[in-house]
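Each remark here refers to the structure printed beneath this line.
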Amino acid sequence: MTATTSERILSTARKEGAEAEVFHVTSKQVPVEFEDNELNMIESSSAEGIALRMIKDGKMGFGATTRTGAEDTLVAQILSAIPFGTSAEFTFPGATDYPEIETFDPRVTALSPDALVDTGNKILEAIRTHEPDAQVNISVAKGEGHVLLHNTSGLSAAREHTVYSVFFHASYVDDGGGLLHIADYFGGTHFLDESDRVIRDARKHLALGKKKATIKSGRYPVIFTPRALSDLLRPLLACIDGDAVARKISPWRERHGEDVVDPRVSLYDDGLLPLGAGSLPWDDEGIPSQTTPLIEKGQLKNFLLDLKNSARLGLSPTGNGMRGGLSASPGISLSNLVMAPGETHLRDLFSAVSEGLVIHSLMGAWGANPYGGQVSGNVALGFKIENGESIGRVKDCMVYLNAFDAWQHQLQAISTETEQRHSHRLPYVLMEGVDVAT
Amino acid sequence: MSILDWDGLKTHLTERLRQAAADYIEVRIEAAESSSLRFRGPKLESLEENIGLGGCVRALSSDGWGFAAFNSLDEIDRRIDHAIHLAELAGQNRNRRIQLAPVPVISDVVRPTVKSDPRKVSLADKLDRFQDYNRQILNHREDVTSSVVSYGDRKSRIIFINNEGTLIDQVKYDIGGALVAIATRGADTQMGTVPFGSSNDYDVSAGLEERIAGACDTAADLLEAPSVPGGQYTVIAAPQMAGIFAHEAFGHLSEADDLMDNPRMQKVMKLGRRFGNDFLTIYDTGDTPGSRGHMRYDDEGVAATRADLIREGVLVGRLHSRQSAATLNEAPTGNARALNYRFPPICRMRNTRIEPGDATLEDMLKGIKKGLYVITPYGGQTDDEMFTFMAGKSYYIENGALAGLVRDVNLTGNVFHTLNEIDMVGREVETDEGAGGCGKGAQSPLPVGNWAPHIRINNVTVGGQSQ
């Protein structure tokens with residue numbers, strides 16, 4: 001498949017009296033996988049395909065294929081399905097200017113499989129020297145993607161990006177058969193080696209995780225680390241999703257401009273975040289990426305929008321029309337999620353807690369109903385804090401809070417420190433009066 | 001799917017793999033056609049067609065694995081060489097041996113007996129059926145204000161060839177969907193869901209009107225229900241919840257690839273260890289035509305036989321790939337599955353079941369002072385020791401009787417204690433072939449089935465506000 005394939009499809013569409021959009025992706029990935037303390041597998045995969053949207057007589061059809069030569073069959077299938085299709089609520093955007101943003105790092109593509117193996121070995125050895133009984137899994141991967149987007153409105157755009165990522169997981173089985181899991185990751189569009197941080201944190205958490213602590217059922221102050229914070233933000237983000245707003249499901253649909261959370265909270269979707277794994281010059285529908293304030297000083301500022309929902313709501317798209325894969329139609333998705341830092345140093349966040357928890361990860365806390373705000377999850381990795389110090393791991397307990405109440409009434413402090421991992425840049429957050437059940 | 005020269009491909013690959021300089025090498029080629037549709041609220045939200053083709057090579061050489069996936073079949077020969085090269089590179093960086101359990105060489109063509117072929121149903125007919133369901137939800141009652149009605153089907157043809165002489169040509173179907181009623185009042189939103197799924201019958205999506213009415217009422221009734229207070233409860237899990245429980249609490253822990261090179265975990269998971277009472281038997285099988293977890297062979301070309309995990313309370317087996325079976329010196333079970341050609345096979349569940357016992361719901365309710373009856377699942381998660389499973393429709397139990405709906409029920413347990421807390425197993429098994437599937441690593445959603453009777457579990461921790 002080449003650019004001429006796209007041209008051919010567009011010209012077929014015009015002949016049929018249809019508008020069309022061709023999204024063409026080629027990508028390569030080289031992950032090296034360490035399992036149970038040894039390199040297990042080296043992979044090298046390539047992928048290519050097109051996704052096609054067509055609009056005819058006010059109806060839209062969608063299809064995708066990874067089979068070279070099947071493009072004409074796909075066009076015919078879509079044209080025959082179009083009369084049954086969804087109502088076309090928008091037209092494809094025309095050519096426009098895009099922001100300048102670096103998303104391709106030649107240092108990533110130049111990495112050899114050996115270099116990826118070396119990074120994995122370095123982390124593995126540093127952990128195993130410290131804790132010989134740990135079981136370590138690591139995935140070090142490089143990838144690149146090239147996207148061409150053409151449509152009958154005159155848009156013809158190309159973009160390329162690289163991704164470098166390291167996922168780390170260690171487990172430790174104690175003498176009673178209990179399991180301790182430590183996980184971490186880093187990466188983004190550019191080559192960035194944070195293995196020293198991963199090693200330092202993992203050693204600390206392994207040592208602390210082997211110490212057992214207990215907590216009685218009750219209400220406690222709880223510090224959520226940047227990695228655990230996304231469970232607490234999910235209900236807010238669900239309400240900001242333009243699709244839930246357009247379908248009148250979001251409880252915040254009529255609260256634009258109102259105070260929805262504590263005035264210390266500011267939250268952004270930032271498609272232009274330097275090094276952010278979700279940074280791109282334009283989204284998967286050809287809309288320029290931007291920095292969108294979602295909540296500023298507690299006030300609801302914007303909803304996340306793709307083409308369809310911006311048309312439904314009569315608002316401008318925010319560059320959040322993303323495809324979950326080649327064979328999925330575009331829908332609303334975050335680019336990079338950024339929360340503004342607070343005014344309390346991390347050490348002061350801890351010293352404010354005389355008895356409570358610091359939670360690094362929750363399990364099963366994705367509610368089936370985010371609009372209700374309930375966040376209820378098992379503390380997969382969390383430590384008891386006594387007098388400002390983490391003293392040991394608590395397990396077999398559940399925490400529960402309502403995210404809307406928590407972000408409005410239970411927020412005690414946000415750290416000045418933020419951490420950037422992949423597509424998130426988030427601080428530590430201290431909530432008071434969190435329900436803990438054991 | 002006729003435009004491919006499958007016979008030519010088989011001949012070429014058989015010859016090519018026979019000559020390949022690898023200790024073991026396999027190729028999978030997968031061609032698939034799929035369609036999906038989704039209504040949200042009154043509108044048709046998406047209608048998607050997909051034509052897929054791709055393949056992968058997995059090679060073992062010098063005790064290392066190499067893997068390469070691709071879309072263009074023109075690349076096959078180059079990818080075979082490359083996978084072998086990557087395997088050797090991996091082998092240079094490791095010490096442990098890799099062995100594969102010997103399995104019979106198989107030459108087979110598998111074509112499922114399809115009761116009702118979704119690929120032969122016209123788009124107009126499918127839309128009619130699901131449009132009707134969607135209208136039913138939206139017209140059912142005033143407080144049901146929105147809906148999500150989704151349906152998808154997929155037909156794939158997969159050839160598997162390895163250098164031991166196995167050549168399997170399988171056609172598979174996966175059919176599934178979910179009909180969701182959404183009730184709202186002010187900022188409050190609750191849901192009721194009718195999931196369905198099959199590997200051979202489009203008509204599992206027929207005649208769901210009664211279940212839809214039930215789901216609408218559940219969603220609306222949950223608006224009135226109080227949140228469950230956090231604490232410890234005796235829990236009766238209805239079959240769908242018991243199925244999720246077996247899947248999360250024990251199925252994942254039984255995946256032997258996570259165990260095979262973990263000596264400390266092997267001690268914990270020693271065959272013969274008692275996990276539950278005599279009446280608890282849990283097994284996993286591919287031999288269930290119609291189930292979304294049905295398969296004759298797994299993605300290593302191994303017969304997908306029954307694997308007993310817990311028999312009469314005692315750990316007796318696990319879910320194996322050829323490598324995990326050889327490493328632990330146990331028999332292969334045919335549990336190596338790959339989501340699709342983009343992934344290597346790993347140990348996964350197929351259709352996981354709890355054997356029925358002899359208790360009735362009445363027996364189970366007797367003697368419970370404070371408990372919960374959890375009926376419809378929203379999903380679950382595990383870290384192999386602790387697990388959670390979340391319920392939609394649930395009732396309080398007070399002094400042996402049902403006492404009103406509750407909501408926001410998220411239960412947690414610890415596999416090393418909770419299985420032992422099961423003190424009753426019900427008589428009647430129900431099937432859960434719901435839409436979606438199982439996730440492990442990046443490979444999600446993989447079609448699986450969970451079949452179980454009611455079970456009663458003591459001392460379950462439930463998240464919620466303090467009492």
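Below, read A as the first sequence line, B as the second, and so on, with proteins coming before strands; counting in each chain starts at 1. Computed from heavy atoms alone, side chains included, the values below leave out hydrogens, waters and symmetry copies. Just so it is clear, the structure is predicted and the values come from calculations on it, not from any experiment.
- In this structure, the portion of B:Tyr341 lying under 4.5 Å from any heavy atom of chain A is its side chain and not its backbone.
- Neither the backbone nor the side chain of A:Gln29 comes within contact range of chain B; no heavy atom of the residue lies under 4.5 Å from a heavy atom of that chain.
- Residue A:Lys248 does not touch chain B at all, counting heavy-atom pairs closer than 4.5 Å.
- Between chain A and the options B:Ala69, B:Gly54, B:Gly380, B:Pro263, heavy-atom pairs under 4.5 Å are most frequent for B:Ala69.
- When each of B:Asp257, B:Leu89, B:Thr412, B:Asn50 is checked for heavy-atom pairs under 4.5 Å with chain A, B:Asn50 comes out on top.
- Salt bridge A:Asp175/B:Arg264: present, at least one basic N to carboxylate O contact under 4.0 Å.
- Between chain A and the residues B:Ile51, B:Leu60, B:Asn414, B:Thr388, the most heavy-atom pairs under 4.5 angstrom are made by B:Ile51.
- For A:Thr438, the part lying near chain B is the backbone, with the side chain staying farther off; criterion is any non-hydrogen pair under 4.5 Å.
- Contact of B:Ala124 with chain A is made through backbone and side chain together, with heavy-atom distances under 4.5 Å.
- Proximity to chain B (any heavy atom under 4.5 Å) is shown, for A:Ser44, by both the backbone and the side chain.
- A:Asn121 CG to B:Arg94 CZ: the interatomic distance, rounded to the nearest 0.5 Å, is 12.0 Å.
- Residue B:Asn95 touches chain A through both its backbone and its side chain, counting heavy-atom pairs closer than 4.5 Å.
- Looking at A:Asn402, there are no atoms closer than 4.5 Å to chain B (heavy atoms on both sides), in backbone or side chain.
- Heavy-atom pairs under 4.5 Å with chain A were tallied for B:Thr382, B:Asn410, B:Leu411, B:Val415; the largest tally goes to B:Asn410.
- Among B:Ser34, B:Ser227, B:Pro344, B:Gly413, the residue making the largest number of heavy-atom pairs under 4.5 Å with chain A is B:Pro344.
- Both the backbone and the side chain of A:Leu179 come within contact range of chain B, judged by heavy atoms closer than 4.5 Å.
- Here A:Glu89 pairs with A:Arg312, B:Lys43 under the side-chain hydrogen bond (donor to acceptor under 3.5 Å, both in side chains) rule; sequence neighbours left out.
- For chain B, the nearby parts of A:Ile249 are the backbone and the side chain; heavy atoms of each come within less than 4.5 Å.
- Contact annotation: the side chain of A:Ser46 approaches that of B:Arg79 to within less than 4.5 Å [non-hydrogen atoms, C-beta and beyond].
- Residue A:Tyr172 touches chain B through its side chain alone, counting heavy-atom pairs closer than 4.5 Å.
- Residues meeting the salt bridge (Lys or Arg N to Asp or Glu O under 4.0 Å) test with B:Asp261, sequence neighbours left out: B:Arg96.
- Highest contact tally toward chain A, considering only B:Thr189, B:Thr184, B:Thr461, B:Val57, is held by B:Thr189 [criterion: heavy-atom pairs under 4.5 Å].
- For chain B, the nearby part of A:Val379 is the backbone; its heavy atoms alone come within less than 4.5 Å.
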